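Keep in mind the model is a prediction, meaning the values are calculated, not measured.
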Amino acid sequence: EEEEEEEEAAKPRGKATGKAKGKGKAKGKAKAKGKAKAKASGEEDAAAPKPKAKAKASLKSKIMADIGQRDIDEVLADAMKEVKACEEAIAAGEGDQKDIEAEIDQAKKAMEEASAKVEEATQKETLALEKLKA
């Protein structure tokens, strides 16, 4: 009988209309109170707050800061030097890449020769085994 009463109590009451009042808000308020207490006690511990990160400067502002009061010809000469240095680095990298590719090709050829020798030795072994059985 008690089980039947519990089942009847568990049935839905009816259609809900309107907003829930205060059920979810209580948890938020309690958390906020706890944070406020922690903040008050934490103020003694945290003497220096974290510094804010500076926003990245735009390209134009970087260039203007770089140029400053210098002559335009001087700035262009510096830029050309940087471009040449970059091109030389690229050329050196491409040369290294070609050397590495040549080494890879040599290694592949050596591997193919070795695998051909292994295949040949396997065939000889197979023939010798067949002659031994016969």
Side-chain angles (χ1 to χ4, degrees):
E1 293 177 12
E2 292 176 5
E3 292 175 5
E4 292 175 4
E5 290 175 6
E6 288 177 16
E7 289 176 5
E8 289 177 9
K11 289 182 181 178
R13 296 181 195 140
K15 201 170 197 181
T17 56
K19 296 183 180 179
K21 297 182 182 178
K23 285 188 176 181
K25 293 180 182 179
K27 285 185 181 178
K29 287 181 181 178
K31 286 183 181 178
K33 287 179 183 177
K35 287 181 181 178
K37 287 179 183 177
K39 199 175 204 181
S41 65
E43 285 180 15
E44 299 165 1
D45 297 336
K50 293 181 182 179
K52 292 185 179 179
K54 293 183 180 178
K56 292 184 179 180
S58 65
L59 181 63
K60 182 179 177 182
S61 62
K62 286 181 183 178
I63 292 172
M64 293 304 288
D66 216 15
I67 292 173
Q69 299 296 325
R70 298 187 320 178
D71 185 34
I72 293 200
D73 293 331
E74 184 181 329
V75 173
L76 283 175
D78 287 345
M80 294 302 278
K81 286 179 186 175
E82 288 180 24
V83 168
K84 284 184 181 180
C86 291
E87 288 175 350
E88 290 172 0
I90 290 170
E94 288 175 350
D96 291 344
Q97 184 178 1
K98 289 179 183 177
D99 293 341
I100 291 170
E101 288 175 357
E103 288 179 20
I104 290 172
D105 289 340
Q106 289 177 352
K108 282 183 181 178
K109 287 179 184 176
M111 188 180 76
E112 288 173 1
E113 290 173 5
S115 62
K117 287 181 183 178
V118 168
E119 186 68 30
E120 185 180 326
T122 306
Q123 288 176 356
K124 286 182 182 179
E125 187 179 323
T126 306
L127 288 173
L129 188 61
E130 287 177 7
K131 286 181 183 177
L132 185 64
K133 287 183 179 180

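- Taking a 4.5 Å side-chain heavy-atom cut-off between Ile, Leu, Val, Met, Phe, Trp and Tyr, the cluster of Val75 extends to Leu59, Ile63, Ile67.
- Around atom CD1 of Ile72, no more than 12 heavy atoms belonging to other residues, nucleotides or ligands sit under 6.0 Å away.
- Listed by first and then second residue, the salt bridge (Lys or Arg N to Asp or Glu O under 4.0 Å) pairs that reach into residues 116-134 are Glu120-Lys124, sequence neighbours excluded.
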Side-chain donor/acceptor pairs under 3.5 Å, residues 87-115, sequence neighbours excluded:
from	atom 1	to	atom 2	distance (Å)
Ser115	OG	Met111	O	3.2
Ser115	OG	Glu112	O	2.8

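- Scored by the side chain to side chain donor-acceptor pair (under 3.5 Å) test, Ser58 finds Ser61 as partners (sequence neighbours excluded).
- For the side chain to side chain donor-acceptor pair (under 3.5 Å) condition, the pairs that include at least one residue of residues 71-86, sequence neighbours left out, are Arg70-Asp78.
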